[in-house]
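Here the structure is laid out as structure tokens; the discussion comes afterwards.
The structure displayed is predicted, hence computed values, not measured ones.
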Amino acid sequence: MGHYKSNVRDLEFNLFEVLEVQHRLGKGVLEDSDEDTARGVLAELNNLATGPLAESFEDADRNPPVFDPKTHSVTLPESFKESYRQLWEGEWWRLGLTNELGGLGLPPTVKWAASELMLGANPALYMYLAGPNFAMILNRNGTPEQQRWGRLMIERGWGATMVLTEPDAGSDVGAGRTRAVLQEDGSWHLDGVKRFITSGDQDMTENIMHLVLARPEGPGIEAKPGTKGLSLFLVPKFHFDTETGEPGERNGAFVTNVEHKMGLNASATCELTFGADGTPAKGWLLGEVHDGIAQMFQVIEYARMMVGTKAIATLSTGYLNALDYARERVQGADLTRMLDKTAPRVTIMKHPDVRRSLMLQKAYAEGLRAVYLYTASYQDQIWTQEGDADSLALADRVNDLLLPIVKGVGSERATEQLIQSLQTLGGSGFLQDYPIEQYIRDSKIDSLYEGTTAIQSLDFFFRKIVRDKGQALGHLAGEISTFIDAESGNGRLKDERALLKQALADVQGMIGSMINYLTVSQESPESVYKVGQHTVRLLLSAGDLLIGWQLLRHAEIAVGKLDAGASAKDKAFYEGKIAVASFFAKQVLPELSARRSIVESADNTLMDVDEAAF
């Protein structure tokens, strides 16, 4: 057994007791699946995740990929390649595919629940497994020939990358300068340097398909500034037979550096140089249309969901490792007898502050899991196309609204609470004898790539609330209000519902103030600085509101299960659901009132401080 501690019981609770996804199975595009199938997938994958996948987690960190600058190649450790082989040969790459591409006929909720197991056990493995999912981008956007390439990617097990960032541009993707020059045969030659390319090279697959954003140049092509001037190109590592997929000569997309990182060492993060050494980097325009940023956002949205789920998966195993340690570690006397030198020593689980810390970790691990699966439930509707045009449009909007919370709040709270997990272990947590120090190093990247937390918060406020005119936000607020007003649970959660109601009012108050600052900025542009100072605070507060709501939904179900006579095996599980919801409502949600006060009294004195004073 490896480091990874899963929580399949909570995954099943979310899927089948809260979201009741079983009612969607067996119909339409999900006709080949049922509840037993979904549970079987989780059980089988859990065995793989806690065993073979987790086994190479530590070794691949201590013996990371090796870069050979002479051959521009990356070699991965054997233990990691063995884990990858088991993942691929088990055909787990089928999880997220549509039926026509060989998928398992399961909805996104089940797919992401299963993904949590892989991402918690060994996240780099999941990233190298991106080829089939990226092939769906070709299938959705490509020409008939490119769609065939997508099928070759799946059949032959190719890797794939998303290639956006440039050294001088960073998060400002629209400042990228990589060029793509049109050739007489309809192909394009790319020229430029990209960095921070996940899985940019490896020795596990015969080919890699790079999806590259670049600026097109050629007869009749109008140059446009910013992201509107970017197109998306398919650039394989090796040229290939377009009928069989058999690889041929090397293409001119070379890895010229591999980053030395704080963590996630098993994942090769590369610098890619196009058109160097006299070898053209030949690419093909996706779909033969210049719509690069919209096409790439299909990849980015998937990546943001993945990053959030990865962070939450790591937090969960961090918490469960800390919990096991706290139950076994004997240290100190009970606080009521701390002055009694003869008092027996107790496990640290008995100490109030350790319990507070563990319950907070549990709240964020289980609450954020509920949030990402709730988000996936809207993806289920989009996947199955259930409902009329209006309901599908709403599902799309709500999914868009929730993605910055899954990614931004998930990554921030995971990093924050993993520090608490390490703290539970005390000095032992600082050692590599336990996995939590690696969890912290590996998960810190989650708040940085695919858009930092600040970028997620700007997207959340300006695009997902203001540009959407509050439609998705209004829907969510209505759902929360309906829950608050329902008096189920025989009033046993009455106080907690009142705290949730205040938290909803606080978040709405923050949004109202920030919209007012934005309105004033039309006359006084500097007023928008008041918005910019508080978008992260708003994002985290909206996340806490959703977590509080989801935990109370869980508690309500748990009350009903206990009243109905839950089995001895499930009794503690349901009691934990009630305890964690009450804890979060009483100890975290009241903080939103203070945050609201800060936002409502915002000024721009911070922006007036001379830089030298910093």
Side-chain angles (χ1 to χ4, degrees), residues 164-165 169-176 213 224-230 292-294 296-305 307-308 371 375 378 393-412 447-477 504 506-546 592 595-596 598-600 602-604 606-607:
L164 294 82
T165 308
S171 296
D172 187 4
V173 175
L213 281 178
K224 298 177 182 178
T227 56
K228 291 183 179 180
L230 296 171
I293 200 66
M296 183 60 94
F297 252 96
Q298 296 170 30
V299 186
I300 292 171
E301 288 178 357
Y302 163 82
R304 288 177 174 174
M305 186 74 179
V307 169
V371 169
T375 303
Y378 287 94
L394 178 63
D396 199 45
R397 284 191 170 96
V398 176
N399 178 59
D400 282 348
L401 176 73
L402 292 172
L403 280 176
I405 294 177
V406 172
K407 195 279 181 189
V409 179
S411 61
E412 283 291 340
S447 67
L448 305 175
Y449 61 4
E450 307 309 332
T452 63
T453 307
I455 288 173
Q456 299 298 320
S457 72
L458 292 171
D459 175 59
F460 180 68
F461 178 74
F462 286 106
R463 289 198 182 101
K464 307 305 171 56
I465 295 177
V466 176
R467 186 181 295 179
D468 187 53
K469 298 180 180 177
Q471 294 180 76
L473 183 71
H475 170 77
L476 273 186
L504 174 60
D506 289 333
V507 170
Q508 290 173 324
M510 291 182 217
I511 293 170
S513 294
M514 291 169 68
I515 288 175
N516 181 59
Y517 300 146
L518 182 62
T519 302
V520 172
S521 72
Q522 295 176 21
E523 298 294 332
S524 302
E526 67 280 358
S527 181
V528 77
Y529 290 150
K530 295 181 184 179
V531 177
Q533 290 181 61
H534 297 291
T535 52
V536 170
R537 181 172 280 111
L538 172 65
L539 180 70
L540 294 174
S541 298
D544 284 344
L545 172 65
L546 287 177
L592 272 62
R595 297 180 207 165
R596 176 184 181 179
I598 293 169
V599 173
E600 289 178 340
D603 60 38
N604 273 333
L606 175 66
M607 303 306 296

Margin query: Applying ring pair (Phe, Tyr, Trp, His ring centres under 6.0 Å), can you list everything that pairs with Y517, at least two apart in sequence or on another chain?
Written below: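 In terms of ring pair (Phe, Tyr, Trp, His ring centres under 6.0 Å), with neighbours along the sequence ignored, Y517 is linked to no residue.
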Do the non-hydrogen side-chain atoms of [X] and [Y] ever get within less than 4.5 Å of each other?
{"X": "V466", "Y": "M514", "value": "no"}
{"X": "Y449", "Y": "T165", "value": "no"}
{"X": "L401", "Y": "Q471", "value": "no"}
{"X": "D506", "Y": "R595", "value": "no"}
{"X": "L606", "Y": "Y529", "value": "no"}
{"X": "L539", "Y": "T453", "value": "yes"}
{"X": "F460", "Y": "T535", "value": "no"}

Minimum-distance pair of heavy atoms, taken over all atoms of [X] and [Y]:
{"X": "L448", "Y": "K407", "value": "N-NZ, 4.0 Å"}
{"X": "V528", "Y": "S521", "value": "N-CB, 3.7 Å"}
{"X": "F461", "Y": "L538", "value": "CD1-CD2, 3.9 Å"}
{"X": "V599", "Y": "M510", "value": "CG1-O, 3.9 Å"}

Hey, could you give me the [atom1]/[atom2] distance between [X] and [Y], rounded to the nearest 0.5 Å?
{"X": "I598", "Y": "S513", "atom1": "CD1", "atom2": "OG", "answer": "12.5 Å"}
{"X": "Q298", "Y": "I300", "atom1": "CD", "atom2": "CD1", "answer": "10.5 Å"}
{"X": "Q508", "Y": "L473", "atom1": "CD", "atom2": "CG", "answer": "7.5 Å"}
{"X": "E301", "Y": "M296", "atom1": "CD", "atom2": "CE", "answer": "12.5 Å"}
{"X": "Y302", "Y": "E450", "atom1": "OH", "atom2": "CD", "answer": "11.0 Å"}
{"X": "M305", "Y": "N399", "atom1": "CE", "atom2": "CG", "answer": "7.0 Å"}

Sequence neighbours excluded, which residues qualify as salt bridge (Lys or Arg N to Asp or Glu O under 4.0 Å) partners of [X]?
{"X": "E600", "result": "R596"}
{"X": "R304", "result": "none"}
{"X": "D468", "result": "R397"}
{"X": "D459", "result": "R463, K464"}

Next item on the list: Could you tell me which residues satisfy side chain to side chain contact (heavy atoms under 4.5 Å, CB included) with A175, sequence neighbours excluded, listed by chain and number?
Entry: A169, D172
Next item on the list: Scan L545, I405, V409 and name whichever one has a side-chain contact (heavy atoms from CB on, under 4.5 Å) with L540.
Entry: V409
Item checked: Residue that, paired with L164, satisfies side-chain contact (heavy atoms from CB on, under 4.5 Å) out of V173, I293, L230, V299 ->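 Result: among V173, I293, L230, V299, V173 is the only option passing the side-chain contact (heavy atoms from CB on, under 4.5 Å) with L164.
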